[in-house]
Every structure is written in C-alpha cells, then in structure tokens.
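Take a look at the structure set out below.
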Amino acid sequence: MDESLPDLGDLEHEVMQLVWANGTVTAEVVREQLSRPLKESTVRTVLRRLEEKGYTTHTVDGRTFVYQAAAPRGHVAAKAVQRIVDWFCNGSMDEVLVGMVDTAMLDQKKLRALADKVAKAKAEAKGGKK
C-alpha cells in the first residue's frame, strides 16, 4: 500500500466501504450493493481507479476481476489521520489527542480504553519480534 494514498471521492468511498465489508468483490456485487443505481461499466471504472490509486488489488477468476482491499480499513484510516496530524499539528499526535480531550471528543473512559489497546498492541508487537 502506498504511504500517501490520494483522497477518495464520495462514490469511491462508498465502493471501498463495500470492498472492506465483503473482503472480495466483483463489479456486479458492488453494483448490487450500492445505494444508487449505476451501470456495471461505471462500477468497473471506479474499481479500476481505486486500484490505480493504490486502494485495491485484483485477481482474475475466468474472465471476472475479483477485487480486494490493498490494506485493511484501519491502516488506511491511520494514514489519513497521520496526514491530518502532519498538516495541522506539524506531526504532533500529542497535540491532536489533547485537542480531542479539550473538545470532549475523548473522555477519560475512552482515553483509558485507548491506552489499554495501545499497551496490548505494544505487547503483541514485542511478543511477535522474539
């Protein structure tokens, strides 16, 4: 996955949500699940653009392209947050988190849960490196 993925349009975002939700998809599956009616050729174009942007990859089953996400939703979201942190706070995640607490986006309970998740992820990362 590219470190600096380009932004997504509304339709691309909706398609990516379907890709992440389904694991693997064809253009027909996406077309059937979209909130608006589109031609399959339009959906194929969107999926191809998502691949060009680095969001999806595909395999071929017979003559059908089967798409999957190039990275999990959480990884893509983390990269997007990092861009925001870099843009507005010169890379200071501390400044963002303090701002989130100051504006009541994160309360003490959420902060404790987040700290627990971070500690667990660090422990798992250390355990996996041995």
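Residues take their numbers from the sequence shown, with the count starting at 1. If you're wondering where the values come from, they're calculated on a predicted model, not measured in any experiment. The figures here come from the full heavy-atom set of this structure, side chains too, leaving out hydrogens, waters and symmetry mates.
The two residues G54 and A70 have their closest heavy-atom pair at O-CB, 3.4 Å. Closest approach of W20 and P72 over heavy atoms only: NE1-C, 3.6 Å. Of all non-hydrogen atoms in K53 and P6, the two that sit nearest each other are O-CD, 3.4 Å. The shortest heavy-atom contact between A27 and V43 is O-CG1, 3.5 Å. Closest of all the heavy-atom pairs between Y67 and R48 is OH-N, 4.2 Å. Here the shortest heavy-atom pairing between Y55 and V76 reads CE2-CG1, 3.7 Å.
Judged by distance alone, with hydrogens and angles left aside, the side-chain atoms of K39 form no donor-acceptor pair with the main-chain N or O of R31 at under 3.5 Å. Between the side chain of E12 and the main chain of V46, no donor-acceptor pair closer than 3.5 Å is present. Under a 3.5 Å cut-off, the side chain of Q33 and the backbone N or O of L18 do not form any donor-acceptor pair. Looking only at distances, a side-chain donor or acceptor of R83 sits under 3.5 Å from a matching main-chain atom of L5.
The shortest side-chain heavy-atom distance between V118 and K122 falls under the 4.5 Å cut-off. The side-chain heavy atoms of K109 and R112, taken from C-beta on, include a pair separated by under 4.5 Å. Residues V30 and E14 have side chains not in contact (no heavy-atom distance under 4.5 Å, counting atoms from C-beta outward).
The hydrophobic cluster around I84 extends to W87, F88, counting ILVMFWY residues whose side-chain heavy atoms fall within less than 4.5 Å of a member.
Considering CG of L106 and CD of Q108, their distance stands at 9.5 Å, rounded to 0.5 Å. Atom-to-atom distance recorded for L114:CG and L97:CG is 7.0 Å, nearest 0.5 angstrom. To the nearest 0.5 Å, atoms CZ (R36) and CG (L11) are separated by 4.5 Å.
In the hydrophobic cluster analysis, where Ile, Leu, Val, Met, Phe, Trp and Tyr join through side-chain heavy atoms closer than 4.5 angstrom, V81 is grouped apart from L8. Under the 4.5 Å side-chain heavy-atom criterion for grouping Ile, Leu, Val, Met, Phe, Trp and Tyr, L34 is not connected to V66 through any hydrophobic cluster. Hydrophobic cluster membership differs between V98 and M100, with clusters built from Ile, Leu, Val, Met, Phe, Trp and Tyr side chains linked at under 4.5 angstrom.
A search for side-chain hydrogen bond (donor to acceptor under 3.5 Å, both in side chains) contacts involving T59 returns nothing, not counting sequence neighbours. Annotation: side-chain hydrogen bond (donor to acceptor under 3.5 Å, both in side chains) contacts of E95 (sequence neighbours excluded): none.
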Go through it in stages, so that I can follow the logic: the residues are V19 and L47, the test is side-chain contact (heavy atoms from CB on, under 4.5 Å), and I'd like the CA-CA distance, side-chain angles, deciding distance and then a yes or no.
CA-CA 10 Å; V19 172; L47 286 163; 4.3 Å; yes
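Enclosure of atom CG in D102 by more than 12 non-hydrogen atoms of other residues, nucleotides or ligands within 6.0 angstrom is indicated. Heavy-atom contacts from other residues, nucleotides or ligands closer than 6.0 Å to CE of M105 number 12 or fewer. Residue D10 places its CG atom among 12 or fewer non-hydrogen atoms of other residues, nucleotides or ligands, all under 6.0 Å distant.
Residue Q68 forms a side-chain hydrogen bond (donor to acceptor under 3.5 Å, both in side chains) with just one option from N22, T24, T57, and that option is T57.
With salt bridges taken as basic N to acidic carboxylate O contacts below 4.0 Å, none links E52 and R49.
Aromatic ring orientation, H58 versus F65: parallel (interplanar angle below 30°, classes split at 30° and 60°).
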